[in-house]
Amino acid sequence: MPELPEVETIVRQLAEHLPGLRIGEVRITHADLIRESPESFRKALWQAEFVRVLRRGKNVVFELSGAQILLVNLGMTGQLLFGAAEECPEPPPHCALRFSLLPGGTLFYADARRFGRLLRLTPAEWTAESKRLGPEPLGSELTDARFFQGTSKSRSPIRSWLLDQTRIAGIGNIYANEALFRSQVHPARPASSLSEAETALLLASIRIVLEEAIHLQGTTLQDYRTAEGDKGNFGPRLLVYGREGLPCSVCETPVARTVFGNRSAFFCPKCQQEVPSSGL
DNA sequence: AGTGTATCCTGCAGGC
DNA sequence: TGCCTGCAGGATACAC
C-alpha cells in the first residue's frame, strides 16, 4: 500500500523519535519477514543505536550504529508504529516484530499480508541496492530531460513505466493513476509515444500530487497508518483512483477502469485519450 | 533486453 | 447468515 508519500510520512515521524534510542529485546512472531534466522537477527541488532531514519523510494532506511543498515519495505500492508516510553502499547493486529527500545519505547512492525521485508545490510550492500533504484521523483537530479530520455526509450505502457522502481523510485498505483489523470495522459499509452511537452507536464503532475499527498500524510484505503497510528487524509483528494463509474471532476464522463500488468488503471476516457487527437 | 504474467498472503466488500 | 468470487498500496521469479 504505502507509496512515497506514506513512507515519507512514516519516516518523518520516526526521525523525530528514534535517533539516540537503542534496540533491546526483539520479539519476532512472523520470521518469514526477515531473510535470516531470528537468532542472528536479534543478535546483530542487540544494543544497536538508531542514528538516522531516511527514505529511498518506498523503502524505510534505518542507519544504525556499528555500520548496519536496517532496510524496511512495507509491501502492501506493512506498518511501522512507534509507542513512546511512557505508554504501555498493545501490539497492533498482525504484529510481526516488536522492538523494545532503550531506555524506553517500542517500535512495532505489523503486516496483514506479510508482503513486506526487513533486511539487514552493510552500507556497501545498501549502496548497491540503492543504485538499482531509479531517481527520486522529488529530487533535483531528475530533470525534465532525464525523465524524457527514460520514457522515450520504452514501449511499455506509461503507467507500468511509472511503477517500475528501477526507472523512478517511489511511485505506486495510486499516484501513477492520479498523476496521469492530472496531465491528461492515458495510462496505457506507450511511454515512448509521449511528447517532450507531455513528459514535462507528467513530471510536474507527479511532483504536485506527491507533495500534496505528503502534506496530507498520505492516502489510507484500508491498512495504512502513520507511525503514530493515524490515517492519511489524501483519500478525498483522489480524482480517479478507486472512482470507477463516478463522474470525472473535469468533464463528468464516468471514470473508467481497465486492467493491465495485473493492476487496475483508472482514467477518464474523454480527458485521457489513448490516441491523442489533434484538434477538437 | 525488455515486457507481461503468475504468485506470495490475508481481509474485505459485494452478489447470491 | 454464509459461502463464493474478485479485488487490494508491492516486488519478483519466470516465460516469451
Side-chain angles (χ1 to χ4, degrees), chain A residues 1-11 29-35 55-60 71-80 92-96 109-119 121 129-130 132-134 137 149-180 187-193 206 209-210 213-214 216-227 230-238 240-245 255-266:
Chain A
M1 58 136 133
E3 307 181 28
L4 187 154
E6 291 76 30
V7 177
E8 179 67 22
T9 300
I10 291 166
V11 163
T29 48
H30 285 289
D32 52 335
L33 293 167
I34 57 177
R35 294 267 174 88
R55 180 191 60 74
R56 174 80 172 96
K58 302 173 192 171
N59 299 286
V60 180
L71 182 66
V72 179
N73 186 291
L74 300 163
M76 291 274 230
T77 53
Q79 303 173 336
L80 279 166
H94 308 290
C95 185
Y109 180 81
D111 194 341
R113 292 174 73 181
R114 303 204 307 283
F115 286 174
R117 287 290 175 270
L118 294 89
L119 297 176
L121 302 174
E129 185 62 24
S130 182
R132 284 187 52 241
L133 299 174
Q149 189 184 8
T151 58
S152 62
K153 284 185 300 201
S154 170
R155 300 192 318 274
S156 84
I158 185 62
R159 199 280 310 264
S160 305
W161 193 96
L162 292 172
L163 295 185
D164 185 341
Q165 301 300 296
T166 68
R167 303 183 134 132
I168 186 168
I171 299 172
N173 203 28
I174 292 179
Y175 301 109
N177 280 284
E178 292 298 309
L180 287 165
R189 279 181 56 194
S192 56
S193 77
I206 288 168
V209 169
L210 294 179
I214 291 170
L216 292 172
Q217 303 200 122
T219 304
T220 293
L221 300 178
Q222 303 255 340
D223 304 274
Y224 162 69
R225 292 298 176 304
T226 72
D230 299 315
K231 296 183 179 182
N233 300 312
F234 192 75
R237 307 289 259 269
L238 296 175
V240 286
Y241 186 89
R243 296 179 55 80
E244 181 183 13
V255 170
R257 181 177 79 93
T258 61
V259 177
F260 59 90
N262 262 357
R263 321 287 295 271
S264 288
F266 297 91

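Excluded from the calculations below are hydrogen atoms, water molecules and symmetry mates; all remaining heavy atoms, backbone and side chain alike, are included. Letters A, B, ... are given to chains in the order of the sequence lines, protein chains preceding strands, and every chain is numbered from 1.
- Between the CD atom of A:Gln79 and the P atom of B:dC9 there is a distance of 20 Å, given to the nearest Å.
- Across the protein-nucleic acid pair, A:Arg155 atom CZ and B:dG2 atom C1' stand 7 Å apart, rounded to whole Å.
- Comparing the P positions of C:dG6 and B:dA6 gives a spacing of 14 Å, expressed to the nearest Å.
- With 3.5 Å as the limit, one finds a donor-acceptor pair spanning the side chains of A:Arg257 and A:Ser264.
- For A:Arg263 and B:dT7, the CZ to P distance is 16 Å, given to the nearest whole Å.
- Using a 4.0 Å cut-off, some side-chain N or O of A:Lys58 falls inside it from OP1 or OP2 of C:dA11.
- In this structure, the side chain of A:Gln165 engages the main chain of A:Leu163 through a donor-acceptor pair within 3.5 Å.
- Of all heavy-atom pairs between A:Pro5 and A:Gly218, the closest is CB-CA, 4.4 Å.
- Taking 4.0 angstrom as the limit, A:Arg114 places a side-chain polar atom (N or O) nearer than this to OP1 or OP2 of B:dT10.
- Residue contacts for A:Tyr241: at a heavy-atom cut-off of 4.0 Å it reaches the sugar-phosphate backbone alone, with no base atom in range.
- If you check every strand for non-hydrogen atoms under 4.0 Å, A:Asp111 touches nothing.
- Within the structure, every side-chain polar atom (N or O) of A:Ser154 is placed at least 4.0 Å from both OP1 and OP2 of B:dG2.
- Positionally, the nearest nucleotide of DNA chain C for A:Val259 lies more toward the 5' end than for the other of A:Val259 and A:Asn173.
- No donor-acceptor contact under 3.5 angstrom links the side chains of A:Tyr224 and A:Glu3, judged on distance only.
- For the pair A:Thr29 (side chain) and A:Ala96 (backbone), a donor-acceptor distance under 3.5 Å is present.
- The shortest distance between the side-chain N/O atoms of A:His30 and the OP1/OP2 oxygens of B:dC9 is not below 4.0 Å.
- To the nearest 0.5 Å, atom OH of residue A:Tyr175 and atom CG of residue A:Leu238 are 7.0 Å apart.
- Remark: side-chain polar atoms of A:Arg113 are not paired, donor with acceptor, to backbone N or O of A:Met76 under 3.5 angstrom.
- Among C:dC7, B:dT7, B:dT10, the nucleotide with an atom closest to any side-chain atom of A:Asn262 is B:dT7.
- Minimum atom distance to the side chain of A:Arg132 is reached by C:dT12, of the listed C:dT12, C:dG10, C:dC7.
- Taking the P atoms as reference points, B:dC9 lies 16 Å from C:dC14, given to the whole Å.
- Both the sub-6.0 Å distance and the 45° axial angle are satisfied by A:Arg159 relative to the ring of A:Phe260.
- Of the candidate nucleotides B:dC12, C:dC7, C:dG10, B:dC12 has the atom nearest to the side chain of A:Gln222.
- Distance CG (A:Leu163) to P (C:dA11): 9 Å, rounded to an integer number of Å.
- Base pairing in DNA chain C yields stems of at least 3 consecutive Watson-Crick or G-U pairs, both distances under 3.5 Å, namely B:2-8 with C:10-16, B:10-16 with C:2-8.
- Atom CZ in A:Arg167 sits about 9 Å away from atom P in B:dG4, given to the nearest Å.
- When the side-chain nitrogen and oxygen atoms of A:Arg113 are compared with OP1 and OP2 of B:dG11, none of them lie within a distance under 4.0 Å.
- In this structure, A:Leu162 atom CG and B:dT3 atom P are separated by 13 Å, rounded to whole Å.
- In this structure, the CG atom of A:Asp32 is 9 Å from the C1' atom of B:dC9, given to the nearest Å.
- Counting to the nearest Å, the C1' atom of B:dG14 and the CD atom of A:Glu244 are 14 Å from each other.
- For A:Arg117, no side-chain nitrogen or oxygen approaches OP1 or OP2 of B:dC9 to under 4.0 Å.
- Stacking is not found between A:Phe115 and the pyrimidine-like six-membered ring of the B:dC9 base under the 5.5 Å centre-distance and 30° plane-angle cut-offs.
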